[in-house]
Undergrad: 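Questions regarding the structure given below will be posed in turn.
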Amino acid sequence: MATLLYRIGHFAYKRAWLVIGVWALLLVGILGGGIALGGKTAESFAIPGTESQDAIDQLAAVFPQAAGASVQVVYRTPDGASVNTEPYKTAITDMATELEAVPGVVSVITPYSDYASSAISTDEATARSVVQLDGPSADVTDATLNAVTATAAIAEKAGLEVAFGGQVFSSNTFGITITEVFGLLFAGVVLLITFGSLASAGMPLLMALIGVGVAIGGITAISAFVPVSSTAPMLAMMLGLAVGIDYSLFILSRHRTQLARGVEPHESASTSVATAGSAVVFAGLTVIIALLGLLVVGIPFLSVMGVGAAVAVFIAILVAITLLPAILGLAKGRLTPKPGGRAHNRATMPDTGRPTMGRRWVGLVMKAPIVAVILVVGILGTLAIPALSLDLNLPDGASEPVDSTQHKAFTMIEEGFGPGYNGPLIVVVDITQTTNIFPDLETISAKLRTLPDVAFVGKGTPNATVDTAIIQVMPNSAPNDPKTKDLVQAIRDLAPGIDSELGTPVTVTGATAVSIDISNRLSNALIPFALIVVGLSIILLTMVFRSVFVPVKAAVGFLLSVFASIGATVAIFQWGWFADLLGVSTPGPILSFLPILLMAVLFGLAMDYEVFLVSGMREEYVKNNDPRQAVVYGFAHAARVVTAAALIMFFVFFAFVPDGTGAIKGIAFALAVGVFLDAFLVRMTLVPAAMALAGRAAWWLPRWLDRLLPNVDIEGEGLRHHMLDSHWAKAQDGAITADQAVFGLPGSTIGPLTVSVPTGSVLVLTGTTAHRRVVAATLAGRLDPVSGRLQVLSYPLPSERGRALRVVALADVGDSRDNGLTIGELLAERLDLTQPRFRSRSRRGQLDAWIGRINRAIADDRAPVAPLTADTPVSSLSAVSRAAVLVAAALAERPGVVVIDLGEGLPADPAGLSIGVVVATLAPADTTLIIAAASQHPLAAAGRAVLVVDLETLEPVETTGPAARGALGGYPPLDPEPRHATRPTDTLDPRDAVFGADALDGKAALR
């Protein structure tokens, strides 16, 4: 991964304006498109597969007037007057008439209607009308709502206080308020202190804002087509700002450190993206995986939130690894810390002078690590105690802003009728199997009245087709009260008896029942989700750090942070401690999906800090094998950037608490507290203390597990090897160079081999079939070398394997399968695979050209034969002619190197053709040939240098031709005279003989 990121950083730096232009187009296009589509958020909580949602779906089909969204219009008279007296009664009736005329309103049930259910309070000072709308909440337009609220003037003119309640009036707006701006300013101050440079401090902020702009634009565009909760863009904005700043901070910090140490700006930017960017990608992917894990919970609105937030994190990663290096490409060396400044001294003299705060802190912790562990566990455990009384629910009118009409209506209903009237339950009755409809409905109502916590049970109301009826049940308790949950369960427990007695299946629905079902499902999913996240963290960290202790310790610390954060949130938002200081006007149950969201987000952030702290410890331990010194070194070098990142996230998250909506306020607080506790108590205190106590055991990993786990290499060790190998490969003169290269597998090796093959020459490999195939496959980039250095056309292997694959072609002449193809079909097949589509029209000309080259290569003046054509079957050819066709097919790929496997050899050609001359004639002069065969036989190579290596002894056997002089350790060239196909094989010098006509077996096939 580090090598790939290095290339991305290199490209972005070099093509800065191109990358910046692409991001500018994305920002303008996506954000502008979202605004143009006019998408808006809507609070639509649905949970497929639950009883309440199934009942809503049933009502939508058979009782649509009861399934759509509704508005409660609440009236309150002044000075305790009665709504049954004038002018109030007339005003309420006139207002209902106006409401019925509003487009989108299906019906209005006034407090005086026969269908009204306890719509006037006992003191007659409060009344409520129910306005039934067409369609669900997500489909209700702003024009309809504005027209509905505009009718309030009629009642207000009569002296009534009017408020509107219902889910359609939930706060669906989002944006950055003044407090969020202050959060960004605080983040800027932290960046300025960290970098000591205004330009450097501004870059992470700019990157974060661009990433958030693209993410919010995308979510806004999607909201025009599918329901999106207002919490989704707010969460995406909050996460996008936090991780966007931090990810750019990590890369920029590495870049400035390297600049201070004299690294060239282009190289520094590329390596910073490769090393620090690897940790950024790893941390970002953990957040994305955890957020996408919300999809398995099966709740659509939560899935949309998870996907939206994951997209924001993904865009933040892309910005950090592409746009940031492009900006660095414009800045070039201007970001280098000034000599003598604090930033320059920290980078160039990290272990001299006055100890940093990080070094002093880790020294204090390691004086008594067991004390630090006990203190941290004790503090976090105490904070987690309130989490034991966690009560989950969805937001209702009480959580809306105090000055909103919905909160006002909620309060008026609670004061006038009781808290239960804010959460009516709808009992849906299937009456298709009964003939005593109204008596049975009355029987059911009577049974419902006997249940505890029931304040009122309305009359059963059948639909127009008389197959479904609804009964409204008003609880005594508030919608978020545990007693209401018990009442819903009591009705469901009563349902089987009613069905058995009357033959009328009964289900419960309504906003309150849906909220209860969602909360129950989320509560049940909490433990499995936690196990998945913790299990994932253990696996990922084991791969990264090659340790058992590190991931287990990280997972335990993560759980401590999560439960302590939940506990603090419960104490303030549920119990009401210090609620006024944070603007929590109505403490109550915690948002149902807050714990799962907290786990998903905090998991990635915690792993982020873990990687940056512990990776330095591991690097030092590998160098010096001193576990205690490794802890001190790793902590001291990462503490500053981790502290800055944690403070930035804390300020950004906490800025959403004072003025945030009810839902986002709790999420932001939990994330802010979680980040603070995890960064400063767990990662920067518990981690060094635990690592010091574990000593060498902290880096233990069973050998069998080490073999199973892939090597992630986020520290860039593989990149360093690749860079060294690349410099070495570019310095080589030959087309192929092996320097103590070992081939095969770790348990069965061939080598070491040292050889240099000049461009355009012939390398002959002899030995057993297995050895030839292993070495040939390695030179072709199909198999990695075990050790040593190896380059093909200046591409080091294995790090540049992908490029080597594109410049090396294979021709397996020893394979007898020809699949019944003609020469034209064989060549056309390879041309179609390698040539771009726009050149397909010239394929016929290319075929003719290649067939002409084959005919010239196999021509024999002594025994003229009919020339080959495109229709000539491959199976009709002699062994050498067939080999020529197969090699020509490989050469059609325009490779720089061709590997030709002759198998056990080719039978004698009747015309005396030499495979070496044929192949050398076909291939361009600058194409290097590798020929593998079982043993040495006479070979003519048409004037090319020939190098022979016996893979059994790993000794160079022959070098032929001027260009091969010294290629294999100084062997003298033998007989530089060019060989010709017509020359008898017995006249060849036996020292440069490799393949002869008597050794050919005639088996050929297209590789």
Side-chain angles (χ1 to χ4, degrees), residues 1 4-41 174-176 180 184 187 199 202-226 228 232-252 255 269-270 272-274 276-277 280-281 283-285 287-288 291-292 304-331 604 652:
M1 182 169 65
L4 173 63
L5 291 175
Y6 176 86
R7 292 171 182 159
I8 292 174
H10 176 82
F11 175 85
Y13 190 99
K14 191 175 181 181
R15 300 285 189 270
W17 285 114
L18 173 63
V19 175
I20 293 171
V22 170
W23 276 106
L25 289 175
L26 284 175
L27 178 62
V28 174
I30 295 178
L31 189 58
I35 296 173
L37 288 171
K40 66 173 186 176
T41 57
F174 66 93
I176 296 182
E180 282 87 46
L184 291 177
M203 281 190 186
L205 290 175
L206 177 62
M207 299 300 102
L209 290 174
I210 291 174
V212 166
V214 174
I216 295 301
I219 295 174
T220 304
I222 291 173
S223 67
F225 305 99
V226 298
V228 175
M234 287 296 290
L235 180 64
M237 179 186 295
M238 188 167 56
L239 271 180
L241 287 173
V243 301
I245 293 173
D246 275 7
Y247 293 167
S248 297
L249 163 66
F250 292 141
I251 295 175
L252 186 57
H255 176 60
S270 303
S272 296
V273 172
V280 164
V281 171
L285 288 179
V287 180
I288 291 172
L291 288 169
L292 294 181
V304 172
M305 290 175 60
V307 171
V311 168
V313 175
F314 179 70
I315 292 173
I317 296 173
L318 292 181
V319 168
I321 64 175
T322 59
L323 183 56
L324 178 62
I327 299 296
L328 298 180
L330 298 183
V652 171

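The chain is numbered in sequence order, starting from 1. All values below were derived from every heavy atom in this structure, side-chain atoms included, with hydrogens, water molecules and symmetry-related copies excluded.
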Undergrad: Hey, could you give me the CG/CE distance between Leu323 and Met207, rounded to the nearest 0.5 Å?
TA: 4.0 Å
Undergrad: Tyr13: what forms a ring-ring contact (aromatic ring centres under 6.0 Å, His included) with it, not counting sequence neighbours?
TA: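 Tyr13 satisfies ring-ring contact (aromatic ring centres under 6.0 Å, His included) with His266 only.
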Undergrad: Determine the interplanar angle of the Phe250 and Tyr247 rings, folded into 0 to 90°, and report it as parallel if under 30°, tilted if 30 to 60°, perpendicular if over 60°.
TA: tilted
Undergrad: When rounded to the nearest 0.5 angstrom, what distance separates OG1 in Thr322 from CD1 in Ile317?
TA: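 Rounded to the nearest 0.5 Å, the OG1-CD1 separation comes out at 11.0 Å.
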Undergrad: Using side chain to side chain donor-acceptor pair (under 3.5 Å) as the criterion, list what pairs up with Arg7, not counting sequence neighbours.
TA: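 Listed in chain order: Glu800.
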Undergrad: To the nearest 0.5 Å, what is the distance between CD1 (Ile315) and CG (Leu239)?
TA: 12.5 Å
Undergrad: For Val281 and Leu5, work out which heavy atoms get closest and say how close.
TA: CG2-CD1, 4.1 Å
Undergrad: To the nearest 0.5 Å, what is the distance between CG on Leu324 and CD1 on Ile210?
TA: 10.0 Å
Undergrad: Report the distance from atom CD1 of Ile219 to atom CG of Leu31, rounding to the nearest 0.5 Å.
TA: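 If I round to the nearest 0.5 Å, the distance is 11.5 Å.
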Undergrad: Please report the C-alpha distance between Leu252 and Leu328 in whole Å, then the side-chain angles of each, then the deciding distance to 0.1 Å, and finally whether the side-chain contact (heavy atoms from CB on, under 4.5 Å) criterion is met.
TA: CA-CA 9 Å; Leu252 186 57; Leu328 298 180; 3.7 Å; yes
Undergrad: Please report the closest heavy-atom contact between Gly217 and Ile30, naming both atoms and the distance.
TA: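 Nearest heavy atoms, Gly217 then Ile30: C-CG2, 3.5 Å.
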Undergrad: Check the pair Leu209, Leu241 against side-chain contact (heavy atoms from CB on, under 4.5 Å), reporting the backbone distance first and the verdict last.
TA: CA-CA 7 Å; Leu209 290 174; Leu241 287 173; 3.8 Å; yes
Undergrad: Carefully, step by step, assess Leu318 and Val214 under the rule side-chain contact (heavy atoms from CB on, under 4.5 Å).
TA: CA-CA 11 Å; Leu318 292 181; Val214 174; over 6 Å; no
Undergrad: Please find the pair of heavy atoms, one from Ala187 and one from Leu205, that lie closest to each other, and give the distance.
TA: CB-CD2, 4.4 Å
Undergrad: Quick one: pull up CG in Leu285 and CG in Leu292 and give me the separation to the nearest 0.5 Å.
TA: 10.0 Å
Undergrad: For residues Gly308 and Ala236, report the shortest heavy-atom separation together with the two atoms involved.
TA: O-CB, 3.9 Å
Undergrad: Between His255 and Ala269, what is the shortest heavy-atom contact and its length?
TA: ND1-N, 3.4 Å
Undergrad: For Ala208 and Gly244, which heavy atoms make the closest approach, and how far apart are they?
TA: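 Closest approach of Ala208 to Gly244, heavy atoms only: CB-C, 3.8 Å.
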